[in-house]
Undergrad: 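Quick one: the structure is below, and I'll ask about it shortly.
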Amino acid sequence: MYLKCKECGREYSINEVRYTCDCTGLLEVVIDLKKVKDVFDGKNVTLWKYSSFLPTEKKVSLKEGGTPLYRIRNIGKITGMKYLFLKNEGANPTGSFKDRGMTVSVSKAIELGFEKVMCASTGNTAASMAAYSAAAGLKSYVVIPGGKIAVGKLAQAIVYGAKVLPIKGNFDQAFEIVRKATQEMKIYLLNSMNPFRLEGQKTIAFEIYDVLQTIPDNIIIPVGNAGNITAVWKGFKELKSAGIVKKTPKMIGIQAEGASPIAQAWKNGSSYKPVAKPETVATAIRIGRPVNWKNAWRAAEESGGFFEIVTDKEILSAQRLLASKEGIFVEPASAASVAGLLKLCAAETIKADELTVLITTGHGLKDPNIVIETSELMEPIEPNMESFKKAMEL
Ligand code: F0G
């Protein structure tokens with residue numbers, strides 16, 4: 001097991017504290033796939049079931065993973081999709097998929113002897129890192145775009161005891177500060193640039209296969225900093241390279257219109273250009289300079305997948321559709337996958353009989369304000385039956 005540069009192939013020890021190669025390329029963990037165990041029997045699905053694929057011992061866990069994989073028949077009917085599933089990552093301990101990355105990377109922080117950890121975040125990474133650091137007894141620092149993270153996530157970071165440092169700027173600027181700070185000080189960086197984060201997140205792929213006992217045709221996933229699409233693709237590739245499965249799914253990444261540098265370049269056939277002032281109602285993916293953009297690109301290219309763009313309006317309406325038709329409440333960034341599905345089905349880009357899994361990444365209660373602000377609430381009514389009955393008919 002070792003670290004390998006995704007750009008130039010240079011190798012480093014698994015215990016070297018570094019996030020990028022000397023050539024500036026990102027690093028990935030190379031697992032010895034001869035030693036992995038085929039545990040995919042569909043039973044007792046939890047993240048640490050796949051420990052032979054993971055690069056750390058379990059040092060800190062809040063019982064993450066094992067999230068529900070729903071067959072969503074009502075949305076299936078609406079879209080005409082026969083085999084439609086949704087993997088609800090909002091069911092993780094802090095309400096997002098970030099917990100998968102944190103159980104592994106905070107375990108690594110402990111193995112490496114760190115006492116402090118830091119991340120820049122649009123909210124979920126902050127909440128998750130704060131929780132796992134609390135459980136592990138580490139001091140955590142979260143750097144956030146001031147005024148631009150959902151209230152539930154902010155509350156989580158505070159209550160789990162992180163030092164919350166809002167900046168006058170966006171996520172990309174927060175991330176620059178964190179990169180510099182973790183170079184200068186003995187603090188472990190826990191953004192998805194940290195290869196151990198992605199190791200945890202790749203288990204989404206393992207769980208999908210374990211539960212379905214087959215590999216889907218399509219995975220539809222929201223893309224912000226582009227770590228998760230990279231991680232899930234790595235998971236599927238490892239299953240294939242280990243000889244456990246024969247095929248891999250198409251990776252379909254969805255970006256929000258105002259923060260869609262990867263999808264814009266993909267769709268327009270132009271070169272990748274960061275977005276200086278990203279803007280979207282899906283604050284979790286309000287990122288203009290995705291760190292893992294090259295790896296996300298490779299995931300789509302290698303898998304035969306692609307990127308799609310959805311508007312804020314499409315995101316909010318997909319959020320309501322999913323909640324009102326399936327009883328699953330997800331935050332706007334997650335609803336981007338549903339919005340993407342609707343768009344792709346309408347354009348017949350994906351076919352009715354293709355087994356498709358949507359990944360929803362965060363719980364709806366993270367960001368309740370967006371629902372309240374875009375709803376019309378009735379004025380309080382007189383507490384008598386007459387006005388009550390009238391109001392019921394409104
Ligand atoms: N969905 C949610 C709910 C997220 O919080 C994020 C990322 C994504 C999707 C996109 O995942 O960045 O791996 O492409 N949130 C990060 C954060 C940036 O700081 O919480 P990605």
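Counting convention: from 1, in listed order, for ligands and their atoms alike.
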Undergrad: Nearest protein heavy-atom contact for atom 12 (O) of ligand 1: which residue, which atom, what distance?
TA: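 Answer for atom 12 (O) of ligand 1: Asn225 N, 2.7 Å.
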Undergrad: Tell me the contacting part of Lys98 for ligand 1: side chain, backbone, both, or neither, using a 4.0 Å heavy-atom threshold, strictly below.
TA: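 Under 4.0 Å from ligand 1, Lys98 contributes side-chain atoms alone.
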Undergrad: Return the residue, atom name and 0.1 Å-rounded distance of the protein heavy atom closest to atom 9 (C) of ligand 1.
TA: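 Protein heavy atom with the smallest distance to atom 9 (C) of ligand 1: Thr361 OG1, 3.5 Å.
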Undergrad: Would Ala226 count as a contact residue for ligand 1, given that I'm defining contact as a non-hydrogen atom of the residue lying under 4.0 Å from a ligand atom?
TA: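 Ala226 counts as a contact of ligand 1 under the 4.0 Å cut-off.
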Undergrad: For ligand 1, which atoms sit closer than 4.0 Å to a heavy atom of Ser121?
TA: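 Heavy-atom distances to Ser121 below 4.0 Å select 17 (C), 19 (O), 20 (O).
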Undergrad: Under 4.0 Å, heavy-atom basis, I'd like to know which part of Gln201 is in contact with ligand 1: side chain, backbone, both or neither.
TA: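 The answer is neither.
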Undergrad: Classify the side-chain pair Tyr19/Asn191 by whether it contains a donor and acceptor separated by less than 3.5 Å.
TA: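 No, Asn191 and Tyr19 have no side-chain donor paired with an acceptor closer than 3.5 Å.
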Undergrad: Using a strict threshold of under 4.0 Å (side-chain N to carboxylate O), is an ion pair present between Lys351 and Asp217?
TA: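 The answer is no: the pair does not qualify as a salt bridge.
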Undergrad: So, using side-chain contact (heavy atoms from CB on, under 4.5 Å) as the criterion, who are the partners of Lys63 when residues are at least two apart?
TA: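 Residues passing side-chain contact (heavy atoms from CB on, under 4.5 Å) with Lys63: none at all.
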Undergrad: Supply the atom-to-atom distance Leu321 CG to Ile328 CD1, rounded to the nearest 0.5 angstrom.
TA: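 Answer for the CG-CD1 pair, Leu321 versus Ile328, is 11.0 Å.
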Undergrad: Check the side chains of Arg298 and Asn295 for a donor-acceptor pair under 3.5 angstrom, ignoring hydrogens and angles.
TA: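 On atom types as modelled, these side chains qualify, holding a pair under 3.5 Å.
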Undergrad: May I ask you to say whether Arg18 pairs ionically with Glu16, meaning some side-chain N is under 4.0 Å from a carboxylate O?
TA: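 Salt bridge: yes.
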Undergrad: For Asn292, is the nearest heavy atom under 4.0 Å from an atom of ligand 1?
TA: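 No, Asn292 has no heavy atom closer than 4.0 Å to ligand 1.
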Undergrad: Looking only at heavy atoms, is any part of Ile285 under 4.0 Å from ligand 1, and if so is it the side chain, the backbone, or both, or is it neither?
TA: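 The answer is the side chain.
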Undergrad: Around atom 4 (C) of ligand 1, find the nearest protein heavy atom and jot down its residue, atom name and distance.
TA: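 Nearest neighbour among protein heavy atoms for atom 4 (C) of ligand 1, to 0.1 Å: Ala284 CB, 3.5 Å.
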Undergrad: Need the ligand 1 atom indices (1-based, order shown) with element for anything under 4.0 Å from a heavy-atom of Thr122.
TA: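 Those of ligand 1 that fall under 4.0 Å from Thr122 are 15 (N), 16 (C), 17 (C), 18 (C), 19 (O), 20 (O).
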Undergrad: Hey, are Arg73 and Glu326 close enough for a salt bridge, meaning a charged N less than 4.0 Å from a carboxylate O?
TA: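 Salt bridge absent between Arg73 and Glu326.
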Undergrad: Regarding Lys116 and the six-membered ring of Tyr141, is the cationic atom NZ or CZ under 6.0 Å from the ring centre and inside 45° of its axis?
TA: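 Checked: cation-pi criterion not met.
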Undergrad: If I take atom SG from residue Cys345 and atom CD1 from residue Ile350, how far apart are they, to the nearest 0.5 angstrom?
TA: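 That separation rounds to 4.5 Å.
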Undergrad: For the 3.5 Å polar cut-off, considering only N or O atoms, please tell me whether Gly224 and ligand 1 meet it.
TA: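 Yes: some nitrogen or oxygen of Gly224 is under 3.5 Å from one in ligand 1.
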Undergrad: Relative to the heavy atoms of Phe97, which atoms of ligand 1 are at a distance of less than 4.0 Å?
TA: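 Result: 1 (N), 2 (C), 4 (C), 6 (C), 8 (C), 9 (C), 11 (O).
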Undergrad: Relative to the heavy atoms of Asn228, which atoms of ligand 1 are at a distance of less than 4.0 Å?
TA: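 Those qualifying, in numeric order: 13 (O), 21 (P).
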Undergrad: Any idea how Trp293 and Trp297 line up, ring-wise: parallel (<30°), tilted (30 to 60°), or perpendicular (>60°)?
TA: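 Because their plane-to-plane angle is over 60°, the rings of Trp293 and Trp297 count as perpendicular.
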Undergrad: Counting each atom of ligand 1 from 1 as listed, which ones have a heavy atom of Ile287 under 4.0 Å away?
TA: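 Matching atoms, with element in brackets: 18 (C).
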Undergrad: What I want to find out is whether Asp41 reaches Lys49 closely enough, with some N-O distance under 4.0 Å, to be called a salt bridge.
TA: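 Yes, Asp41 and Lys49 are salt-bridged.
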Undergrad: Starting from atom 20 (O) of ligand 1, locate the nearest protein heavy atom and write down its residue, its atom name and how far away it is, to 0.1 Å.
TA: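 Of every protein heavy atom, Thr125 N, 2.8 Å lies nearest to atom 20 (O) of ligand 1.
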Undergrad: Any atoms of ligand 1 less than 4.0 Å from a non-hydrogen atom of Asn124? List them with their elements.
TA: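 Those of ligand 1 that fall under 4.0 Å from Asn124 are 2 (C), 3 (C), 4 (C), 5 (O), 20 (O).
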Undergrad: Which of the atoms of ligand 1 are close to Val223, meaning less than 4.0 Å from one of its heavy atoms?
TA: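 Result: 14 (O).
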Undergrad: Can you list the ligand 1 atoms lying under 4.0 Å from a non-hydrogen atom of Gly227?
TA: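 The atoms of ligand 1 under 4.0 Å from a heavy atom of Gly227 are 13 (O), 14 (O), 21 (P).
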